[in-house]
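Lettering of chains follows the sequences in order, A, B, ..., and the numbering in each one begins at 1.
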4 protein chains.
Amino acid sequence: MCAAAATLRPRKSPVQARSAATIEALHVAAIQVLTREGLSHCTTTRIAARAGTSVGSLYQYYPNRDALLAAVLKKHLDGIAGAVERACSEHRGKPVSLMVSALVTAFLTEKLRDRAKSNALYAVGQELGGAALAARFRKRIDVAVASMLASASDARFDHPATTALIVLGAMVGPVQILLEGRAPAEFGAGLPDELTLLLTAYLQRHRDGRSRGGL
Amino acid sequence: MCAAAATLRPRKSPVQARSAATIEALHVAAIQVLTREGLSHCTTTRIAARAGTSVGSLYQYYPNRDALLAAVLKKHLDGIAGAVERACSEHRGKPVSLMVSALVTAFLTEKLRDRAKSNALYAVGQELGGAALAARFRKRIDVAVASMLASASDARFDHPATTALIVLGAMVGPVQILLEGRAPAEFGAGLPDELTLLLTAYLQRHRDGRSRGGL
Amino acid sequence: MCAAAATLRPRKSPVQARSAATIEALHVAAIQVLTREGLSHCTTTRIAARAGTSVGSLYQYYPNRDALLAAVLKKHLDGIAGAVERACSEHRGKPVSLMVSALVTAFLTEKLRDRAKSNALYAVGQELGGAALAARFRKRIDVAVASMLASASDARFDHPATTALIVLGAMVGPVQILLEGRAPAEFGAGLPDELTLLLTAYLQRHRDGRSRGGL
Amino acid sequence: MCAAAATLRPRKSPVQARSAATIEALHVAAIQVLTREGLSHCTTTRIAARAGTSVGSLYQYYPNRDALLAAVLKKHLDGIAGAVERACSEHRGKPVSLMVSALVTAFLTEKLRDRAKSNALYAVGQELGGAALAARFRKRIDVAVASMLASASDARFDHPATTALIVLGAMVGPVQILLEGRAPAEFGAGLPDELTLLLTAYLQRHRDGRSRGGL
DNA sequence: CATGAATGAGTCTTCATTCAT
DNA sequence: GATGAATGAAGACTCATTCAT
């Protein structure tokens, strides 16, 4: 995975304006091909074709197909992580319920902004050094959420990092189901509220201690 | 995906003992190759070799590579769905807290029985008619959980199906994080309890109505 | 070069008769393409085409193009080394002049048996782990010649191995010139005699000691 | 090969100082890339980069990659041929033994001046119209040596051209072995003397006639 | 029935060469 | 003139699938 890290890195940065356009086109094309044809049919030729360039150009900027896909994935994850980080830093010191609704909103908004894209890239994460990449971004989000939680005005958490990871997972799972697309319509409609409810209940219960537990 | 459905079906049923053994060997081999080499290197030749047969024999039982992989995936999902269904039917009429802990235990046990396998098959699900297959099994689990929830002795749910789907998602997400392997050790250790807490809190809050809401 | 050794080795040995035929056809085709088109145009596709098979078959037996070429080269060098070894072992204990003419005859006969082939393979030796391969065969010949020289009935050599290497070089060089094809006809005609003369003079002078030297 | 001749010729002569510098840089770069990366990785881009220019500039001076390589090879062969010609013209009328030692010295000195370069360019010679080029230079050397031999004060040669070609071959072969690098150290050390001995013996025997032959 | 050799379409990737800036 | 981005033909290699033995 470390060896891969080197080989997954872009080749050169665009110095001319033309280059930037080409790269952008490649990114867009990669996502399109990915969504329409699936990862296994997402070939360099097809990407280049849809981008309106040639394979050669693709390889001018990325040492191999996976490097391109990794770049696209990275940009996507960057967007999500950034959105979450922003939401988290804006809600430090607030009560838990506000934190949760802000977090859910930010996450869902970003994740569902382009459902097809999110979905397609999910598969990309699997192959590739995807695990490593995903872990890195999860870490970023985890840190942001944990630090926000630790600042809650109305709660105290023993293991903010672990709790944050559960929170994250509990958001990702249902969203995944939604993205996969076969869920009934009301599921999508109710998702924001349900997630908010789910997480609020969890965090508040955490705050109140498990001892009080049994309902 | 509908077209694929036909072609993904196994070719003939094992009428002889020998056939059954060969098929079993192929399944085991497929999982091994999948875990050790990754989906993209999981070739028919390699599978057959590790199973101790020839490609020819593989094609005797499956019309193509994907059919084999689909069968393996199906069996895996069957195991999980079965375990959940069993747990659900055994806890009908019980209070919510018991349901949750039974559900979490069954799901985690089955899913983590062979982490490598779960992980490898995840990728398989993506390609293939994975979405369809996953949806079908999710449906099974959803129905089982919803029906269990509807029978709870101490709660009433307006939309058991939707609630069940959230419950399912909230379990899958964190497990996914665990399977991806980069989570800290204490995350894995605490997972059963945290999931139980998460879901219990959610379901009880649901029962109590949201109106009472704000903490 | 050691790393290359593994990767240059053939992939599997033919167990069916069909295989042997395919391999033989590939060898012949490789030489033909090599002679007619040159090393840089000697592609796997072209070789397979001329062999009347498919690229796939080529890769069934050789892990890459160079492995095939290396095998062909090896067979060729084997022929030469074998011929020289035979000649050498048959002339142990003889006087130097007989040794030389036998050596020259054996070498020239074998080397010129198929001039085009010899020529084409020469280029192959350059690229590839050719240096290693060539060195190995040169060693074989060197040993054979040195041991023959050491047994001469009418001479004594201080450093048979070095002397043998000079002898070898002195034969190879002129033959090379001949093979490259632009030498006048009389050069080819006179070559056997001239080489014999060259080497005999050298070895006898060696025998007589250099001290006597200056003419 | 004749068609190639035209296209292998440099594009324009360096009329400005800047041009000369660029060309020189390209030559040096070509040799460096050649020695470090091998012929097959010796690309125009890499050459230009190492020369500190752009591909575009390369094509300003040479119509294609091979023309550049040919120019480099030509310069190299020119150096050798020139050295030999000089040595030959300086030793006209001398006795054979002096001629030989001068010839061997000049040849070895020039050829071993930069072994890596000699070696790398050897491969270049193969591809390209290498045979033609090599033949042309061999001719030059052959003429020079033959004419020197013909002027020997103490010998008469029936076919100076053929004899010279043998002499040339007998020098090239052992040097080749040395360049390929796997020969024992003492081989390299003894080479000048051995070559001198070899050729002197040959030429003197020639002079004395073969009739006297059998030792 | 089992075997594994053969097939060849389809991938990724490189690189000489051109040409707009 | 110089630059380096773009091009795309061409090569190496893989692998699902078929079929003669």
Side-chain angles (χ1 to χ4, degrees), chain A residues 12 14-23 40-49 51-68, chain B residues 16 18-19 22 40-49 52-68, chain C residues 12 14-23 40-49 51-68, chain D residues 16 18-19 22 40-49 52-68:
Chain A
K12 65 176 179 189
V15 295
Q16 298 185 4
R18 222 182 349 160
S19 305
T22 301
I23 290 186
S40 62
H41 294 132
C42 183
T43 70
T44 51
T45 320
R46 258 183 261 231
I47 294 176
T53 36
S54 59
V55 238
S57 291
L58 191 162
Y59 281 91
Q60 200 113 51
Y61 300 105
Y62 298 97
N64 50 54
R65 187 196 72 145
D66 287 359
L68 167 58
Chain B
Q16 305 180 5
R18 194 156 44 134
S19 301
T22 301
S40 57
H41 292 137
C42 182
T43 69
T44 51
T45 315
R46 258 183 262 230
I47 293 176
T53 27
S54 59
V55 236
S57 294
L58 192 160
Y59 279 88
Q60 202 84 42
Y61 298 108
Y62 295 98
N64 52 53
R65 188 193 75 142
D66 288 357
L68 167 58
Chain C
K12 66 177 178 186
V15 295
Q16 299 184 4
R18 226 181 345 162
S19 305
T22 302
I23 291 186
S40 62
H41 294 132
C42 183
T43 69
T44 51
T45 320
R46 256 183 262 230
I47 293 175
T53 36
S54 59
V55 237
S57 291
L58 192 162
Y59 281 91
Q60 201 114 51
Y61 300 105
Y62 297 97
N64 49 56
R65 188 195 72 147
D66 288 358
L68 167 58
Chain D
Q16 304 180 5
R18 193 158 42 135
S19 303
T22 301
S40 57
H41 294 135
C42 183
T43 69
T44 51
T45 316
R46 257 183 262 232
I47 293 175
T53 25
S54 58
V55 237
S57 294
L58 190 160
Y59 279 88
Q60 204 82 43
Y61 298 108
Y62 296 97
N64 51 53
R65 188 193 74 141
D66 288 358
L68 166 57

| request: Answer yes or no: does a side-chain N or O of D/Y62 lie under 4.0 Å from OP1 or OP2 of E/dA16? | output: no
Inset, instruction - Respond yes when some side-chain nitrogen or oxygen of C/S54 is under 4.0 Å from OP1 or OP2 of E/dG8, and no when none is. - result: no
Could you report the tightest heavy-atom contact between [X] and [Y], atom names first, then the distance?
X     : Y     : value
B/Y59 : B/N64 : CE2-CA, 3.8 Å
B/T44 : B/L58 : O-CD1, 3.8 Å
C/I47 : C/C42 : CD1-SG, 3.6 Å

Rounded to whole Å, CG of D/L58 lies from P of E/dA16 at a distance of 10 Å
Whole-Å distance, B/Q60 CD to E/dA2 P, equals 5 Å
Working note: C/Y61 + C/L68, criterion side-chain contact (heavy atoms from CB on, under 4.5 Å); need CA distance, chi angles, decisive distance, verdict. CA-CA 8 Å; C/Y61 300 105; C/L68 167 58; over 6 Å; no
Stem ranges of DNA chain F by first residue number, counting only runs of at least 3 Watson-Crick or G-U pairs under 3.5 Å, come to E:2-21 with F:2-21
Taken in chain and number order and not counting sequence neighbours, the residues that satisfy side chain to side chain contact (heavy atoms under 4.5 Å, CB included) with C/S57 are C/T22, C/T53, C/S54
Among F/dT7, F/dA2, F/dA6, the one nearest any side-chain atom of A/T22 is F/dA6
Across all chains, not counting sequence neighbours, the salt bridge (charged side-chain N to carboxylate O under 4.0 Å, His left out) partners of B/R46 are B/E37
Sorted by chain and residue number, the side-chain hydrogen bond (donor to acceptor under 3.5 Å, both in side chains) partners of A/S40 (sequence neighbours excluded) come out as B/E127
With sugar-phosphate taken as primed atoms, P, OP1 and OP2 and all else as base, the protein-contact string of nucleotides 10-16 of chain F at under 4.0 Å (heavy atoms; B, S, -) is -SSBBBB
